[in-house]
There are 2 protein chains.
Amino acid sequence: MSVRNTREDVVAAASRLFAERGYHGTSMRALGRELGLLGSSLYAHVGGKQELLVEVVDRGARFFEEAAEAAGRADTAASRLEALIAGHIGVVLDHRSEVRTFLNEAAALDTGVRRRIIGARDRYESRFREVLAAGVATGEFRSDLDPKVGAIFILSILNAVDRWFHEGRPLIRRQLIASVMIFVGSGIGAPGRLAAIAPKAG
Amino acid sequence: MSVRNTREDVVAAASRLFAERGYHGTSMRALGRELGLLGSSLYAHVGGKQELLVEVVDRGARFFEEAAEAAGRADTAASRLEALIAGHIGVVLDHRSEVRTFLNEAAALDTGVRRRIIGARDRYESRFREVLAAGVATGEFRSDLDPKVGAIFILSILNAVDRWFHEGRPLIRRQLIASVMIFVGSGIGAPGRLAAIAPKAG
DNA sequence: CCTACCGATCGGTAGG
DNA sequence: CCTACCGATCGGTAGG
């Protein structure tokens with residue numbers, strides 16, 4: 001039946017438990033149990049608990065970087081943004097555990113690594129910021145919303161997807177992406193009645 | 001100098017530590033240190049660690065309920081939504097620790113309480129859902145975005161505010177609310193060029 | 001990957 | 001609110 005575990009298995013199991021119970025809520029013994037071995041046996045595969053967290057979070061960061069790379073360099077800011085959004089959603093849904101740990105457990109990282117991860121996060125966010133700024137410059141996007149703030153709003157929506165979305169209940173992935181695009185592009189206001197929801201003061 | 005702590009002090013300190021380090025990352029001894037006393041002395045004030053978590057999370061839930069109540073019953077769906085949004089942001093910024101714990105540490109709650117809190121969360125979310133549905137009915141809001149999904153998108157933005165917003169750097173609260181209203185109401189698309197960001201398929 | 005173990009820390013209690 | 005303590009569990013190591 002069960003054969004020997006690889007380091008890969010250990011990291012995968014760790015990402016699941018870290019995502020579900022948090023870093024501090026996961027013991028090495030519980031992680032061992034998940035793999036059918038003792039907590040102490042894990043040290044044949046990894047240096048320690050923190051090393052596992054670093055590995056999982058690094059994977060999360062890498063997925064996002066690769067997705068941003070793959071999003072490419074389309075003509076319009078709007079289509080570049082759509083590619084970034086679709087890519088982000090793909091990463092969130094295809095690598096839930098790593099992404100969750102990346103998003104929620106960074107505070108449990110040792111200072112040095114934490115700073116590095118925050119840096120990676122900032123660089124990734126700047127991709128969105130730049131696309132928004134470019135779209136303002138071309139006239140595709142409105143100029144009365146700061147690209148920095150807009151990027152944060154969009155990423156807030158995207159990062160929360162993992163908390164509620166379940167494939168096919170009722171939306172499928174393509175519909176989710178379409179909904180995000182409608183919302184990000186035009187908001188909830190009915191076309192021609194945008195004033196109805198405009199703020200009272202700026 | 002320092003006088004005796006009240007139960008109130010203990011709960012307040014707990015909400016800070018739970019928010020910063022998480023429930024599992026906070027020990028009763030660390031909590032005692034925060035208040036200048038021993039971990040064992042906390043049991044003169046509270047029944048246990050889990051009781052503290054329940055108390056903090058319940059406060060978070062109550063703040064949101066009260067805000068929803070105070071948001072009132074304005075004429076238009078748009079202004080009701082604006083009141084809900086402003087109220088939510090007020091709660092997030094005025095009760096950061098309780099809100100953070102409410103949002104991030106619910107998984108650490110014992111099953112019964114956790115279910116109750118999830119129920120409260122659902123009821124609160126339904127306020128947003130109902131306003132969106134009402135706005136679709138009156139024609140204020142677009143009909144091609146599911147109110148359920150719209151409510152989740154809006155709350156995703158609002159709940160994330162605590163992660164990045166710092167009063168006056170550079171936005172002040174009123175500007176934050178205005179930015180959210182612009183984004184939620186009209187998205188990032190430039191007026192008259194909405195097609196630029198429309199999704200390719202529905 | 002297990003056996004056998006380490007010192008440290010955990011939430012919590014009895015009694016004052 | 002402290003003293004003194006409990007059993008359980010923690011991350012981790014030595015040696016096989």
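Please read these numbers as outputs of a predicted model, since none were measured by experiment. Throughout, protein chains are lettered first and strands after them, A, B, ... in sequence-line order, and every chain is numbered starting at 1.
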S.K.: Quick check for you: among dC5(D), dC5(C), dT13(C), whose closest atom lies nearest to any side-chain atom of R29(B)?
M.R.: dC5(D)

S.K.: So do the side chains of V46(A) and E55(A) get within less than 4.5 Å of each other, counting heavy atoms only?
M.R.: no

S.K.: Would you kindly give the OH-to-C1' distance between Y23(A) and dC10(D), to the nearest whole Å?
M.R.: 12 Å

S.K.: NA contact type, L38(A), heavy-atom cut-off 4.0 Å: base, sugar-phosphate, or nothing?
M.R.: base

S.K.: Taking the six-membered ring of F102(B), is the NZ or CZ of R121(B) close enough (under 6.0 Å from the centre) and on axis enough (within 45°)?
M.R.: yes

S.K.: Could you check how far CG of L42(A) sits from C1' of dT13(D), rounded to whole Å?
M.R.: 14 Å

S.K.: Just N and O in the side chain of Y43(B): are any of them under 4.0 Å from OP1 or OP2 of dG12(C)?
M.R.: yes

S.K.: Run the side chain to side chain contact (heavy atoms under 4.5 Å, CB included) check on F153(B) and I188(A) step by step: do they pass?
M.R.: CA-CA 10 Å; F153(B) 287 170; I188(A) 62 169; over 6 Å; no

S.K.: Between dT13(C), dG11(D), dG11(C), which one does the side chain of K49(B) approach most closely?
M.R.: dG11(C)

S.K.: Only stems of 3 or more consecutive Watson-Crick or G-U pairs count here, both distances under 3.5 Å; name the ones for DNA chain C, or none.
M.R.: C:1-16 with D:1-16

S.K.: From dC1(D), dT13(C), dA4(C), pick the nucleotide closest to the side chain of S40(A)?
M.R.: dA4(C)

S.K.: Taking CG from N5(B) and C1' from dC2(D), how many angstroms apart are they, rounded to a whole number?
M.R.: 14 Å

S.K.: Take atom CG of D9(A) and atom C1' of dC1(C), then tell me their distance rounded to the nearest Å.
M.R.: 14 Å

S.K.: Once you round it to whole Å, what is the distance between P of dC1(D) and CZ of R33(B)?
M.R.: 16 Å

S.K.: Kindly indicate whether the side chain of V99(B), heavy atoms from C-beta on, has any atom under 4.5 Å from the side chain of F64(B).
M.R.: yes

S.K.: Judged by atom type as modelled, is there a donor-acceptor pair below 3.5 Å linking the side chain of R80(A) to the main-chain atoms of D75(A)?
M.R.: yes

S.K.: From CE of M28(B) over to C1' of dC2(D), roughly how many Å is that when rounded to an integer?
M.R.: 15 Å

S.K.: Please work out if G48(A) contacts a base, only the sugar-phosphate, or nothing of the nucleic acid, heavy-atom cut-off 4.0 Å.
M.R.: sugar-phosphate

S.K.: What's the verdict on side chain to side chain contact (heavy atoms under 4.5 Å, CB included) for D58(B) and I117(B), showing C-alpha distance, side-chain angles and the deciding distance?
M.R.: CA-CA 8 Å; D58(B) 271 340; I117(B) 289 298; 3.6 Å; yes

S.K.: What is the ring orientation for Y124(B) with H88(B), classed by angle as parallel under 30°, tilted 30 to 60°, or perpendicular over 60°?
M.R.: tilted

S.K.: Counting only side-chain heavy atoms from C-beta out, which of dC1(C), dC1(D), dG11(D) sits nearest to H45(A)?
M.R.: dC1(C)

S.K.: Taking only the side-chain heavy atoms of S27(A) (C-beta and beyond), determine which of dC1(D), dG11(D), dT3(D) contains the nearest atom.
M.R.: dG11(D)

S.K.: Which nucleotide sits closest to the side chain of S41(A): dG12(C), dC1(C), dG11(D)?
M.R.: dC1(C)

S.K.: Just how far, in rounded Å, is P of dC10(D) from CG of L17(A)?
M.R.: 12 Å

